[in-house]
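Quick notes on the structure that follows.
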Amino acid sequence: MYIFDSVKKTKYKFESLVEGKVSLYVCGPTVYDDAHLGHAKSALVFDLLRRVLEAKGYEVLFARNITDIDDKIINKARDTGLSTAQIAEQFTAAYHRDMTAIGVRPPTLEPKATESIDAMSDMIQKLLDKNHAYRISNGDIYFDTASDKNYLSLSNRQSSENVSRVEKVSEKRHEADFALWKAVNDGSVSFDSPFGPGRPGWHLECSAMIERYVSSGEGKYAIDIHGGGADLLFPHHENEAAQTRCATNHELAAYWMHNGFVTIGGEKMSKSLGNSFFLKDALKAYNGEVLRFYLLSTHYRGDFNFNEEDLIASKRRLDRLYRLKKRLFGLSAAPIETEFKKTLLDALGDDLNVSKAYALIDELIASANDALDRDPKDKAYRQVLLSSLATIEEVMGFGSQNPYAYFQFGLDEATKERIDTLVIQRTEAKKIKDFAASDAIRDELAAMGIAIMDTPSGTFWEIRD
RNA sequence: GGCGGCAUAGCCAAGUGGUAAGGCAUGGGCCUGCAAAGCCCUGAUCCCCGGUUCGAAUCCGGGUGCCGCCUCCA
């Protein structure tokens with residue numbers, strides 16, 4: 001397994017801290033709104049990484065947090081008249097629903113910020129004890145960036161001179177110092193702590209939860225891999241790393257991985273730009289697996305420019321996998337180790353070279369169709385093929401749906417029945433060689449967006465894009 | 001201004017020294033009553049200039065263009 005470390009900017013052979021085990025932590029969502037395609041991309045990338053590591057035999061501890069307390073959640077609660085807990089609960093459920101739809105498996109651990117306040121208090125206390133943090137008169141506690149000689153080493157910034165746009169607080173020792181704890185005295189949402197009522201700083205959450213739930217203890221690093229979107233490298237991950245480094249005797253992560261952005265028209269998709277494309281809306285028009293296939297189709301480190309034409313091209317590519325599945329429908333075989341699995345994992349093991357993996361899948365499909373044309377009854381071949389397809393489902397996370405249902409995405413039962421009836425009528429017409437009638441029915445179906453295909457085992461139909 | 005990324009056929013996109021994977025679209029063939037599906041065939045010398053090398057899309061230097069981080073952000 002090779003991984004590109006986005007801090008050292010080099011691809012390295014991956015060696016886990018503990019033989020046979022991997023700890024992976026990814027920054028999860030702040031649950032104040034629905035997930036957009038950028039959230040989906042990030043979740044998909046690390047879901048794929050986790051699947052690949054597992055397929056390679058590692059036992060993976062995969063943690064992804066839920067930030068369920070934050071100014072944005074408070075604002076949303078105020079705007080809607082709901083409580084922050086209700087907002088957080090609502091959008092956590094929405095997040096889970098959307099992630100499930102695109103085949104992102106639930107993480108091993110999903111710690112919530114509000115349930116980890118004591119872990120954060122512990123870390124703040126350690127930082128205070130070691131003089132890496134200080135308290136100002138209103139009760140806020142700040143991290144002293146100047147006290148960490150390695151601060152800015154993660155994001156490769158020379159000095160904090162350019163880090164001047166953080167909020168101005170006169171009592172801060174340095175402009176770059178960031179809040180660990182915000183004291184609350186006005187009765188708004190707060191949590192009890194040894195430092196009085198208040199709320200934790202965002203950067204602190206991840207460090208504290210990693211230390212509490214994931215860290216293996218006293219090695220050189222707390223965890224193997226820390227992941228997230230490229231926009232988190234600075235300041236979020238820089239600050240996380242500083243907190244962990246100063247509060248404990250270890251660095252935060254042995255490897256850092258950052259995924260590129262989803263862009264629209266070449267510009268980063270973000271809430272602040274107002275060009276967000278919500279996953280739940282995309283899911284109304286497209287099968288979740290199609291979105292998974294599409295969003296994973298290019299290398300994770302590059303930016304991903306979303307557009308519907310490419311999405312349709314991806315859908316057509318995935319369609320081919322499902323047509324092959326139709327040809328094998330109902331067949332099963334005991335899984336065996338295949339050469340395909342080895343080459344697929346080799347491709348993905350090279351810093352998740354998905355393009356290469358997709359090419360292997362395309363080639364598998366073409367050769368399988370060819371082989372099935374020549375000899376549909378070759379049992380040994382079918383066993384190998386079924387095993388290869390099972391590998392695709394397990395590692396890539398797509399291809400697991402019923403192939404007939406896949407091609408009926410979005411149709412209601414009445415429409416399906418209507419189509420089935422027409423197909424039967426057409427078959428009857430064909431039987432008596434009334435081609436004018438059968439072609440007329442085919443045209444009628446085409447007008448409904450339905451394509452039909454005659455095969456040796458019967459006539460099948462598909463919805464067209 | 002500081003730091004970083006990207007530029008490969010109509011489109012998407014692999015490929016870090018030896019003469020360009022894969023997909024979508026296009027055109028052709030086989031198959032088909034005709035189609036669809038499927039299979040096969042079909043296209044680029046890799047942004048520009050210079051350099052290193054027997055040899056570079058791949059390394060170095062200089063340009064041009066686009067994007068991102070530096071503020072919450074996947």
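Quick caveat, the model's predicted, so the values are computed rather than measured. Note on naming: letters A, B, ... go to the chains in the order of the sequence lines (proteins, then strands), and numbering restarts at 1 for each one.
Looking at heavy-atom distances under 4.0 Å, Ala366(A) makes contact with sugar-phosphate atoms alone, never a base. Asp454(A) comes within 4.0 angstrom of a nucleotide base, judged by non-hydrogen atoms across all strands. At a threshold of 4.0 angstrom between heavy atoms, the contacts of Val354(A) with the nucleic acid are absent. Within 4.0 Å (heavy atoms only), Lys430(A) reaches at least one base atom of the nucleic acid. When heavy atoms are screened at a 4.0 angstrom cut-off, Lys268(A) is found touching base atoms of the nucleic acid. Looking at heavy-atom distances under 4.0 Å, Leu232(A) makes contact with sugar-phosphate atoms alone, never a base. Among the heavy atoms of the strands lying under 4.0 Å from Gly260(A) is at least one base atom, whether or not backbone atoms are also near.
Contacts of Arg317(A) classified as salt bridge (Lys or Arg N to Asp or Glu O under 4.0 Å), with partners at least two apart in sequence or in another chain: Asp362(A). Take Glu394(A) and apply the side-chain hydrogen bond (donor to acceptor under 3.5 Å, both in side chains) test, not counting sequence neighbours, and it matches no residue.
When the nucleotides G23(B), G2(B), A74(B) are ranked by their closest atom to the side chain of His36(A), A74(B) comes out on top. For Asp231(A), counting side-chain heavy atoms from C-beta on, the closest listed nucleotide (A74(B), C12(B), C3(B)) is A74(B). Listed nucleotides: A74(B), C39(B), C24(B). Nearest to the side chain of Ala313(A): C24(B). Between G22(B), C39(B), G33(B), one nucleotide has an atom nearer to the side chain of Ser438(A) than all others, and that is G33(B). For Asn156(A), whose side chain is taken as the heavy atoms from C-beta onward, the closest listed nucleotide among G4(B), C69(B), G23(B) is G4(B). Among the nucleotides A74(B), A25(B), A21(B), the one closest to the side chain of Ala359(A) is A21(B). Side-chain proximity of Pro235(A) to C72(B), G38(B), G4(B): nearest is C72(B). Listed nucleotides: A74(B), C39(B), A35(B). Nearest to the side chain of Asp373(A): C39(B). Of all nucleotides listed (G22(B), C69(B), C12(B)), C12(B) comes nearest to the side chain of Asp310(A). If you check A74(B), G22(B), C69(B) against the side chain of Met269(A), the one that comes closest is A74(B).
Contact annotation: Lys326(A) side-chain N/O to G38(B) OP1/OP2 distance is not under 4.0 Å. Checking the phosphate oxygens (OP1, OP2) of C12(B), no side-chain nitrogen or oxygen of Arg317(A) falls inside 4.0 Å. Residue Asn353(A) places at least one side-chain N or O closer than 4.0 Å to OP1 or OP2 of G15(B). Residue Arg320(A) places at least one side-chain N or O closer than 4.0 Å to OP1 or OP2 of G38(B). For Arg323(A), a side-chain nitrogen or oxygen approaches OP1 or OP2 of G38(B) to under 4.0 Å.
With a 3.5 Å ceiling on both atom-pair distances, the Watson-Crick or G-U wobble partner of C47(B) is G63(B). A 3.5 Å limit on both hydrogen-bonding distances identifies no Watson-Crick or G-U partner for A25(B). The partner of C69(B) is G2(B), judged by Watson-Crick or G-U wobble contacts that both fall below 3.5 Å.
A donor-acceptor pair under 3.5 Å is formed between the side chain of Lys9(A) and the backbone N or O of Ser6(A). Judged purely by atom type and a 3.5 angstrom limit, Asn65(A) has no side-chain atom pairing as donor or acceptor with the backbone of Lys112(A).
Taken to the nearest 0.5 Å, the CG atom of Asp71(A) stands 9.5 Å off from the CZ atom of Arg78(A).
On a pure distance criterion of 3.5 Å, no polar donor-acceptor pair joins the side chain of Asp370(A) and the base of G38(B).
Both Arg426(A) and Lys72(A) sit near RNA chain B, but only Arg426(A) has its closest nucleotide nearer the 5' end.
The stretch residues 283-307 of chain A comes close to RNA chain B through Thr298(A), His299(A), Asp303(A), each having a heavy atom under 4.0 Å from the strand.
Separating the C1' atom of A7(B) from that of A14(B) is a span of 15 Å, rounded to the nearest Å.
Between Phe277(A) and Phe306(A), the distance separating the two ring centers is shorter than 6.0 angstrom.
When rounded to the nearest whole Å, the span between CG of Asp319(A) and P of A25(B) equals 10 Å. Nucleotide U71(B) holds its C1' atom 15 Å from the CZ atom of Phe178(A), rounded to whole Å.
Under the 30°/60° scheme for interplanar angles, the aromatic rings of His237(A) and His258(A) are found to be tilted.
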